[in-house]
Amino acid sequence: MTRCIALSGGVGGAKLALGLSKILTPDELLIVANTGDDFEHLGLTICPDIDTLLYTLAGIANPDTGWGRADESWETMKTLKAIGGETWFRLGDRDLALHLTRTQQLASGETLSDTVAGLAKSLGLEHPIIPMSDQPVRTMVRTDMGELPFQEYFVKNQCLPKVSGFQFAGVTDAEPNPRLMDALNDPRLEAIIFCPSNPFISIDPILAIPGLREALKACSASVVAVSPIIGGKALKGPAAKMLLEMGFDTTSAAIAEYYGDLLHGFVIDSRDKSLANDLQTKRRHVLVTNTVMRSIEDRVVLARETLAIAERT
Ligand code: FO1
């Protein structure tokens, strides 16, 4: 029986998902990955957030980047460069094996969920990681350089263009993952956690799938978000820069405001404790704690505390 659904983007989200996986059984936890970052590159289907979750839970993620594998070599990239191929998106030799397998499986008619389940099994994972949808959804970033596919904005242009909005191409034809809907409809579900991921590009693509926002609102479980902003900055990624460019304050308060009445609980870092009183409402409980997850222990403690606040709300 699913007790907790975790909605996650890449690096920060995967750290909390790992913490949750240490205290909940595979039956109790459902990890839902954003697929808005996915794209087709060099003929391969790349699913960065799914893969970051797979590698993080398997304990083989690159600790320096957060994405890709720790035990990596780069011979293919070197050869690609030598023959004039595209190298702006770095795919390690071992990581490539995963993209090749997934691309082949998708071409032979498997769903994305099937391929992720097979890859998770091969990595020895027991906790379910599922894509938000089996249909392709692609985040497009509206910028002062025009509309850019997400990875062209993020990696090729290093998040430098000024952002004015987002579009999730394909989302109106996408269906929520049936396993996610089953879990949301289960009256025994206790918590839906928005991991400390970017609200615009990691959580929003999930919430934009037709029917999901409504299902979340209708469900009796508590919705708790962990803020990705600490002391006005994002630990990783462009969340703070995007907030500023979209006209928000770069604070956890802006994140709470953005999620609005979806939230029953909100977790902020101790460095932002001065915001707690204003953020606390009748509906929304606020927990102030350490949200920087350097060690495994940090991840487990934050996971435990986040679950506890969900139980109290
Ligand atoms: N992020 C980068 O900044 N540069 C890269 O070259 C890069 C390659 C890459 C390869 C596989 C993969 O799964 C992720 C990769 N990422 C890279 C991360 C990716 O762009 C993610 O979408 C972001 O980290 C946002 O979650």
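Numbering of residues begins at 1 and proceeds along the displayed sequence. It should be emphasised that the depicted structure is a prediction, and the values quoted were computed from it without experimental measurement. All ligand and atom numbering here is 1-based and tracks the order in the structure.
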| query | Does a donor on one side chain sit under 3.5 Å from an acceptor on the other, for S113 and N177? | reply | yes
| task | Tell me, please, which residues at least two apart from Y259 pass ring pair (Phe, Tyr, Trp, His ring centres under 6.0 Å). | result | F194
| query | Hey, are T111 and D114 close enough side-chain-wise for a donor-acceptor pair under 3.5 Å? | reply | yes
| query | Is a side-chain donor-acceptor pair under 3.5 Å present for E75 with S73? | reply | no
| message | For ligand 1 and D49, I'd like to know whether there is a polar contact (N/O to N/O, distance under 3.5 Å). | response | yes
| Pair listing, salt bridge (charged side-chain N to carboxylate O under 4.0 Å, His left out) test, anchored in residues 195-208, at least two apart | D204-R213
| task | Considering the heavy atoms of D95, write down every atom of ligand 1 situated less than 4.0 Å from one of them. | result | 11 (C)
| query | Quick check: does R90 get an N/O under 3.5 Å from an N/O on ligand 1? | reply | yes
| atom 25 (C) of ligand 1: which protein heavy atom is closest, and how many Å away? | D37 OD2, 3.3 Å
| query | Quick check: does Q151 get an N/O under 3.5 Å from an N/O on ligand 1? | reply | yes
| request: Quick one: look up the protein heavy atom nearest atom 13 (O) of ligand 1 and list residue, atom name and how far away it is. | output: P48 CA, 3.4 Å
| So is H99 polar-close to ligand 1, meaning N/O to N/O under 3.5 Å? | no
